[in-house]
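Below is one structure, written out as structure tokens, with a few remarks after it.
By convention in this document, chain letters (A, B, ...) are assigned in the order of the sequence lines, proteins followed by strands, and residues within each chain are numbered from 1. All values derive from a computational prediction rather than experimental measurement.
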Amino acid sequence: MIDPKLLRTDVQAVAAKLARRGFEFDTSAFSDLESTRKAVQQQTEALRKARNDSAKSIGQAKARGEDIAPLLEAQKNAGAELAECEAKLTSVSEQLEALLMGLPNLLADDVPDGAAEEDNVEVRRVGEPRQFDFEPLDHVDIGEALGSLDTQAASRVSGARFAVLRGPLAQLHRALTQFMLDQHTREHGYTEVYVPYIVQADALRGTGQLPKFAEDQFRIADDERDFYLIPTAEVPVTNLVRDQVLSADELPLRFVAHTPCFRSEAGSYGRDTRGLIRQHQFDKVELVHIVPPADSMAALETLTAHAEAILQALALPYRVVTLCAGDTGFSAQKTYDLEVWLPGQQTYREISSCSVCGDFQARRMAARWRPSADDKPQLVHTLNGSGVAVGRALVAVLENYQQADGSVTVPEVLRTYLGGQSTLSAD
RNA sequence: GGAGAGAUGGCUGAGUGGUCGAAAGCGCUCCCCUGCUAAGGGAGUAUGGGUUAAUAGCCCAUCGAGGGUUCGAAUCCCUCUCUCUCCGCCA
């Protein structure tokens, strides 16, 4: 959530910044609502004070043993007006809240202009795409040749956009996950956390998926319960600091979690229908930082470097792009995408997205810290990034390490996780 | 699933329908005293919001959450959530 005080003091500046995203902010609607809120709140509080004062004097009169009947009589109708005002205040506050919750974060100043994906700016390329002396296949063909990727079985069980991995690919998938977790915990100093995969709406509101992106979520609701499957570990992990006041020596917090992620992919019909690229369920190793405000921009570089380290260790060629204004996500101030080279598709595809959110999520979930014992609680800054998406890493390994005979070389760093195997091949 | 107990400020823990935003203790901060990391004395110490130049005052709200009764609710009533104990079941 954008700082309401900033909106009150300089709504035009906010509108101008939001316009960079292509977001049209109706400033007059906001200002009208806000001034109504102010008037109604002041009226309500004045009425409450009057009620409190008179209740207090009734109490005092009674304590002195005086007759309070006339005082009670005078109070008789005071409640109605207050109740009316309170109802109006509630209604106005809810409208204002809804409006605020629907506003995306303000972009960092150095985010490049642009409307969509093609306007993203490449920051650097790392690694050289391999030269093949044969026509490289895409991961679906490789996986099926290995007898390890079975989309038909998945569709029998669960329908489209699911996959079943067998044998070598299931193991490679597990090896990748293990490797990433080990790298982040042992080399990068992260605390591994295991978190719920099912959360309540408040958690999703905290990180920004709700209320605006309800159609992207998988919801589990019946008469008694209402849950959502997590679309990313960012949700349960970032919400670990919900309603907390952390002390300065607890920061920064760096969490890593491996979880499945569930996305409805509503609105992506017909897109990436082949293979593992876009699934309803996929695994991801997620990095989350909780930092003092002054450190958040530097932390984005650090976090991104940690994600890159995974691709470097796997010797996968990739590039880093800064998302342009129009492509940057709702909660982010600034985002770097890591795009891995996929020889089978002759293109770079997103495999990680690293974002700094400033105090946007922290304000939504009241995540705070106290710089020193004398200070008032202040909002922390939050960051998250994939380190990295496991399914897409699997795709990248298959396509980059494929051999002419249909086998797949196992990247060095994964071999210890596969019992020393150096090659995956069909039995 | 059955039975019971509980939810109060950083922590422990009192609390009566009215001067309770809340005793006391601990912790913490500052000051005083003390010749030495002890003891003692004093003051302060929740969060959010409004107003404001103000992290000064003043005002409103908050004693798990939401409703209700009342002139007035931490205190009474209802619903819900969570925690703990015992039994059952279970990976």
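- In summary, A:Arg205 and A:Asp202 engage in a salt bridge, as defined by a charged side-chain N under 4.0 Å from a carboxylate O.
- Under the Watson-Crick or G-U wobble criterion, with both distances below 3.5 Å, B:rC82 is paired with B:rG6.
- Contact check on A:Asp216 versus A:Arg263 returns no salt bridge, with no Lys/Arg side-chain nitrogen under 4.0 Å from an Asp/Glu carboxylate oxygen.
- Checking B:rU75 for Watson-Crick or G-U wobble geometry (two distances, each under 3.5 Å) identifies no partner in any strand.
- A heavy atom closer than 4.0 Å to some atom of RNA chain B occurs in no member of residues 85-96 of chain A.
- B:rU51: Watson-Crick or G-U partner is B:rG57, with both key distances under 3.5 Å.
- For the pair A:Gln42 CD and B:rU52 C1', the computed distance is 12 Å after rounding to whole Å.
- Look at A:Lys38 and you won't find any side-chain N or O under 4.0 angstrom from OP1 or OP2 of B:rG50.
- Taking atom CD on A:Glu97 and atom C1' on B:rG49, their separation rounds to 13 Å, with Å as the unit.
- Within 3.5 Å, no donor on the side chain of A:Lys56 pairs with an acceptor on the base of B:rG18, nor the reverse.
- Pairing partner, B:rC89: none, since no Watson-Crick or wobble contact has both distances short of 3.5 Å.
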Strictly under 3.5 Å: I want the nitrogen or oxygen pairs between protein and nucleotides 61-66 of chain B, one per line.
{"residue": "B:rA61", "atom": "OP1", "partner": "A:Arg51", "partner atom": "NH2", "Å": "3.2"}
{"residue": "B:rA61", "atom": "OP1", "partner": "A:Asn52", "partner atom": "ND2", "Å": "3.3"}
{"residue": "B:rA61", "atom": "OP2", "partner": "A:Asn52", "partner atom": "ND2", "Å": "3.3"}

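- Across all strands shown, B:rC30 forms a Watson-Crick or G-U wobble pair, both distances under 3.5 Å, with B:rG42.
- Taking 4.0 angstrom as the limit, A:Arg37 places none of its side-chain polar atoms (N or O) nearer than this to OP1 or OP2 of B:rG49.
- In this structure, the CG atom of A:Leu82 is 11 Å from the C1' atom of B:rC60, given to the nearest Å.
- If you take atom P in B:rU62 and the same atom in B:rA22, they sit 14 Å apart, rounded to whole Å.
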